[in-house]
Amino acid sequence: MEPPDARAGLLWLTFLLSGYSGAQAELHVSVPPRVEVMRGEQVALDCTPREHPEHYVLEWFLVDGTGARHRLASVEPQGSEFLGTVHSPGRTPPYEVDSRGRLVIAKAQVGDGRDYVCVVKAGAAGTSEATSSVRVFATPEDTEVFPNKGTLSVMDQFAQEIATCSSNNGNPVPRITWYRNGQRLEVPLEVNQKGYMTIRTVREASGLYSLTSTLYLRLHKDDRDANFHCAAHYDLPSGQHGRLDSHTFRLTLHYPTEHVEFWVGSPSTTEGWVREGDAVQLLCQGDGSPSPEYSFFRQQGTQEEQLNLNLKGNLTLEGVHRSQSGIYGCRVEDYDADEEVQLVKKLKLHVAYLDPLELSAPEELFVFLNSSSTVVNCSARGLPSPTVRWTKDSVTLADGPMLSLHSVTFDSAGTYTCEASTPTVPLLSRTQSFQLIVQGAPELKPNEIMPKSGNSWTEGDEVMLTCSARGFPEPKLTWSQRGDTPAEPPFEGRGWMSSSLMVKVTSALSREGVSCEASNIHGKKGHVFHFGSVAPQTAQAGVAVMAVAVSVGLLLLVVAAFYCMRRKGRPGCCRRAEKGAPPAREPELSHSGPERPEHTGLLMGGPSGGGRGGSGGFGDEC
């Protein structure tokens, strides 16, 4: 087999002879005109003769920036594959030609973005070439923005540097745009007073591009709350585009005060009242930046009493007193403000107060039962004028400072409260109470008693009697019978005391009754409990005794019958001897064998075996 160089020489000689013979024909080559890939991807450039000549040589050339060509490969088809020589001038990894004759560029870099020429030489069929342009795209790094950290004045009449935006290592060169509150800023590249931007492009050693843009704007007060950011726009294969936004930022601006506000902070009411004793805040706020100094003063006639100077715009009056009511002022120390701006504000402070209440009655007021009229006055002094009402057990009795009590009863006793408040100043209120004590003879309230069954009582029934009494001084409860419980307050309360007594109903008790009495120094009152007719108790005990006696008699009869059955051949057994006349003597029975004496004695009715006519047996023989 001949070496490849020899074969190529023979092929060139054939092409040369064919040219001299004047038998050249037109040849066409097909290549992709434009190939776009991302950096790091593989490129495969195809080159195919349309006429499919029988023999041809395929060569790949790289066109540099000056237009010069550099041969990369020279191959020819051998059967189903291409064989030849491949050159890689300084590229890693090197160029390759695959089995289909395609030029393979592995891990494409930005520098691979060139024109590649495919030349096909087919001898008599002619020579033809075509160019394929390769473009390598690279996504830039994240967009970075570096805002101006200084304080920018809105009073400057020219554009100031706002921020610098960077987009690094992209291909092709990215584009940078600026935004304010999400709206794109249309700023030119030419310097002017309103605003512009500058652009600087750097080609890195890697062949990638870095772009830097700086924004300049003339600022206004409205920019104090504006959000700025920038974005980098870049191209991708197949006509696609990408965008990378930076983070947003705000500017620190200096602008003069245009408006001043001065008000009473919490706690206060809509009418401007504050409570005496509270810590009151006076707040002053100007809209300038940075925050100016605030000077507080109190107006004393035509003079100003200086109180405080600070940067917070806050004056606190601890434990404010009614004497501190008056006119207070705030002055904003902003020397950049316009002369027409009102930098001094004033307000009037109203300190509300309510003095302790005074009652015309002592803490304990004693009145007699059924008193015709009692008047108590409640004096309330405060600002604004307070409203007064009287209550008892949370129930309103009267509106106003005067309380009148008529026809006093024991139910009138209790705690009476005077309440004073100022509706315009919440939580400013006072109360004062007195205890009404009603003196008088006791009132008595016995409980009703009912029989356990039916309409009458039965001898021996037990019943609990209860008496309740009230009065002042506290009454004493006594009973006509012993066994009562100590007096104690019942569940209903309201000054009532109760005492209970457990009794057993008898006929004598029914005739006499049971009485309870309540007494104190003002009198006494009693009540008698009656039981009416009392039915006798059923003789249940006699019936029980009779039943026991019958049971015992039956048991004795059973025992007697048992002993009679054990007597053999004894006529007249179990016939009871007549009282006082002993029966005829019966001959004694002989016993076969020894017999225990106690058995004989038991059967004979006595311990000695005789027992005849005795007083302790059943009779003669039994």
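Under the 3.5 Å distance criterion, with hydrogens and angles disregarded, no donor-acceptor pair is assigned to the side chains of T391 and R389. A donor atom on one side chain and an acceptor atom on the other are found under 3.5 Å apart for N169 and E141. Side-chain contact of D64 with T66: a donor-acceptor pair under 3.5 Å is present, judged by distance alone. For the 3.5 Å distance criterion, the side chains of E36 and S238 fail to qualify, holding no donor opposite an acceptor. Inspection of the T164 and T214 side chains reveals an N or O donor paired with an N or O acceptor under 3.5 Å. Side-chain atoms of R184 and Y179 form no donor-acceptor pair, as typed in the model, at a separation below 3.5 Å. Side-chain atoms of T257 and D334 include a donor-acceptor pair closer than 3.5 Å.
With T48 contributing its side chain and S30 its backbone, the two residues share no donor-acceptor pair below 3.5 Å. Checking side-chain atoms of S166 against main-chain N and O of E144 turns up no donor-acceptor pair under 3.5 Å. Under a 3.5 Å cut-off, the side chain of S246 and the backbone N or O of H229 do not form any donor-acceptor pair. Side chain of N148 to main chain of A163: no donor-acceptor pair is present (N/O by atom type, distance under 3.5 Å, no hydrogens or angles). In this structure, the side chain of Y294 engages the main chain of G286 through a donor-acceptor pair within 3.5 Å. Checking side-chain atoms of Q303 against main-chain N and O of Q300 turns up no donor-acceptor pair under 3.5 Å. Checked by atom type and distance alone, the side chain of N192 pairs as donor or acceptor with a backbone atom of E190 at under 3.5 Å. For Q299 (side chain) and G301 (main-chain N/O), a donor-acceptor pair under 3.5 Å exists by modelled atom type. Formation of a donor-acceptor pair under 3.5 Å by the T422 side chain with backbone atoms of P384 is not found in this model. Distance alone, capped at 3.5 Å, places no donor-acceptor pair between the S379 side chain and the E358 backbone.
Between T248 and F228, the closest side-chain pair of non-hydrogen atoms is not below 4.5 Å. When side chains are defined from C-beta on, V187 counts as touching L215, because their heavy atoms get closer than 4.5 Å. Between R218 and Q160, every side-chain heavy-atom pair lies at or beyond the 4.5 Å cut-off. The side-chain heavy atoms of D336 and M155, taken from C-beta on, include a pair separated by under 4.5 Å. Taking the side chain as every heavy atom from C-beta outward, W263 and Q285 approach each other to under 4.5 Å. A heavy-atom distance below 4.5 Å is found between the side chains of Y116 and L72. At least one side-chain heavy atom of L236 sits less than 4.5 Å from a side-chain heavy atom of T139. Side-chain contact check for I199 versus I176: every heavy-atom pair is 4.5 Å or farther apart.
Between W390 and F434, the angle of the ring planes goes over 60°, which puts this pair in the perpendicular group of the 30/60° scheme.
Using a 4.0 Å cut-off between charged side-chain N and carboxylate O, R175 and D235 make a salt bridge. Ion pairing of D355 with R322 is present here, as a side-chain N (NZ or NE/NH1/NH2) and a carboxylate O approach within less than 4.0 Å.
A 6.0 Å sphere centred on NE2 of H259 holds no more than 12 heavy atoms belonging to other residues, nucleotides or ligands. Within 6.0 Å of CZ on R243 lie more than 12 heavy atoms contributed by other residues, nucleotides or ligands.
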**Report entry** L217/W178 under side chain to side chain contact (heavy atoms under 4.5 Å, CB included): CA gap, chis, key distance, verdict
**Finding:** CA-CA 11 Å; L217 289 177; W178 290 92; over 6 Å; no
Query raised in the report: Is there a side chain to side chain contact (heavy atoms under 4.5 Å, CB included) between E419 and S429 once you walk through the steps?
Result: CA-CA 7 Å; E419 300 178 356; S429 62; over 6 Å; no
Report task. Give the C-alpha distance, both sets of side-chain angles, the deciding distance and a yes or no for salt bridge (Lys or Arg N to Asp or Glu O under 4.0 Å) between E129 and R69. Result -> CA-CA 13 Å; E129 65 178 45; R69 294 185 178 186; 2.7 Å; yes
Query raised in the report: Going through the checks in order, is the side chain to side chain contact (heavy atoms under 4.5 Å, CB included) test met by E96 and V86?
Result: CA-CA 7 Å; E96 297 178 0; V86 178; 5.8 Å; no
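Taking the ring axis of F410 as reference, the NZ or CZ atom of R470 does not stay both within 45° of it and closer than 6.0 Å to the ring centre.
Screening residues 296-330 for ring pair (Phe, Tyr, Trp, His ring centres under 6.0 Å) gives no qualifying pairs among residues at least two apart or on separate chains.
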